[in-house]
Amino acid sequence: MEQTLILIKPDAVQRGLVGAIISRLERRGLKIIALKMLQIDEALGKRLYAVHQGKPFFSGLVDFITSSPVIAAVLEGPRAVEVARQSMGQTDPAQAAPGTIRGDFGLEIRRNLVHGSDSVANAEQEISLFFSPGELLSYEREADRWVKES
Ligand code: IDP
Ligand code: MG
């Protein structure tokens with residue numbers, strides 16, 4: 001089953017939106033298979049955002065993601081990567097549709113509340129930055145047969 005890495009960023013933790021954000025993804029049907037709170041250090045922030053190295057916003061982005069604790073979660077479900085990003089909304093909250101996390105809680109691109117992996121390959125790599133294989137739990141949820149067919 002597909003897995004994706006979600007981060008609830010420092011702005012959302014500081015604003016008390018952790019529960020609201022997790023709740024939206026959980027209600028969608030995605031299964032939480034790992035969850036932790038941590039403070040991202042500079043090395044991890046740079047690895048997470050390595051693809052953006054050299055862009056003008058890179059150092060501000062690393063400063064921001066390391067500025068306060070985050071929640072890291074692995075969510076599982078059919079097309080989890082795409083579904084989670086759809087629930088998050090466009091990168092810039094000003095462009096994100098109402099009903100999405102960024103569209104309902106954000107205003108500016110630098111304070112966009114959540115991170116979600118953008119491909120299955122990147123999800124695998126990003127999950128490994130935050131979790132060891134043994135931290136990803138495999139379990140059945142009784143309600144899943146009412147959410148998905150297989
Ligand atoms: P994503 O988070 O929707 O995948 P990316 O393009 O991967 O968006 O960018 C990573 C993060 O970098 C964004 O979530 C946002 O916080 C920040 N970011 C992206 N583009 C800009 C920009 O033009 N200015 C400032 N920050 C940006
Ligand atoms: Mg991205």
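Only this structure's heavy atoms are used, side chains among them; waters, hydrogens and symmetry mates stay out. Both counts, for ligands and for their atoms, begin at 1 and track the order of listing.
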Would you say Asp104's side chain and Pro98's backbone share a donor-acceptor pair under 3.5 angstrom?
no
of all protein heavy atoms, closest to atom 23 (O) of ligand 1 is Phe57 CD2, 3.7 Å
Go through ligand 1 atom by atom and flag the ones less than 4.0 Å from a non-hydrogen atom of Lys9.
13 (C), 14 (O), 16 (O)
Is there a nitrogen or oxygen of Thr91 sitting under 3.5 Å from a nitrogen or oxygen of ligand 1?
yes
Counting heavy atoms only, name the option from Glu108, His52, Arg102, Lys55 that's nearest to atom 2 (O) of ligand 1.
Arg102
Tell me, please: is Gln90 in heavy-atom contact with ligand 1, that is, under 4.0 Å?
no
Looking only at atom types and distance, does a side-chain atom of Thr4 sit under 3.5 Å from a main-chain N or O of Leu75, one as donor and one as acceptor?
no
Under-4.0 Å salt bridge between Lys36 and Glu135:
yes
Going by heavy-atom distance to atom 15 (C) of ligand 1, choose the closest among Asp92, Ile109, Leu7.
Ile109
Verify, without hydrogens or angle tests, whether Glu2 (side chain) and Val81 (backbone) share a donor-acceptor contact under 3.5 angstrom.
yes
Taking the basic N atoms (NZ, or NE/NH1/NH2) and the acidic carboxylate oxygens, is any pair closer than 4.0 Å for Glu82 and Arg85?
no
Heavy atoms only: which of Asp11, Val51, Val62, Leu61 lies closest to atom 12 (O) of ligand 1?
Leu61
Less than 4.0 Å is my threshold; does some heavy atom of Arg111 fall inside it relative to ligand 1?
no
Would the number of heavy atoms belonging to other residues, nucleotides or ligands and lying under 6.0 Å from CD of Gln39 be above 12?
yes
Can you tell whether the side chains of Asp92 and Arg102 come within less than 4.0 Å, N to carboxylate O?
no
Do ligand 1 and Asn112 have nitrogen or oxygen atoms that lie under 3.5 Å from each other?
yes
Quick one: which of His115, Arg85, Arg110 has a heavy atom closest to atom 4 (O) of ligand 1?
Arg85
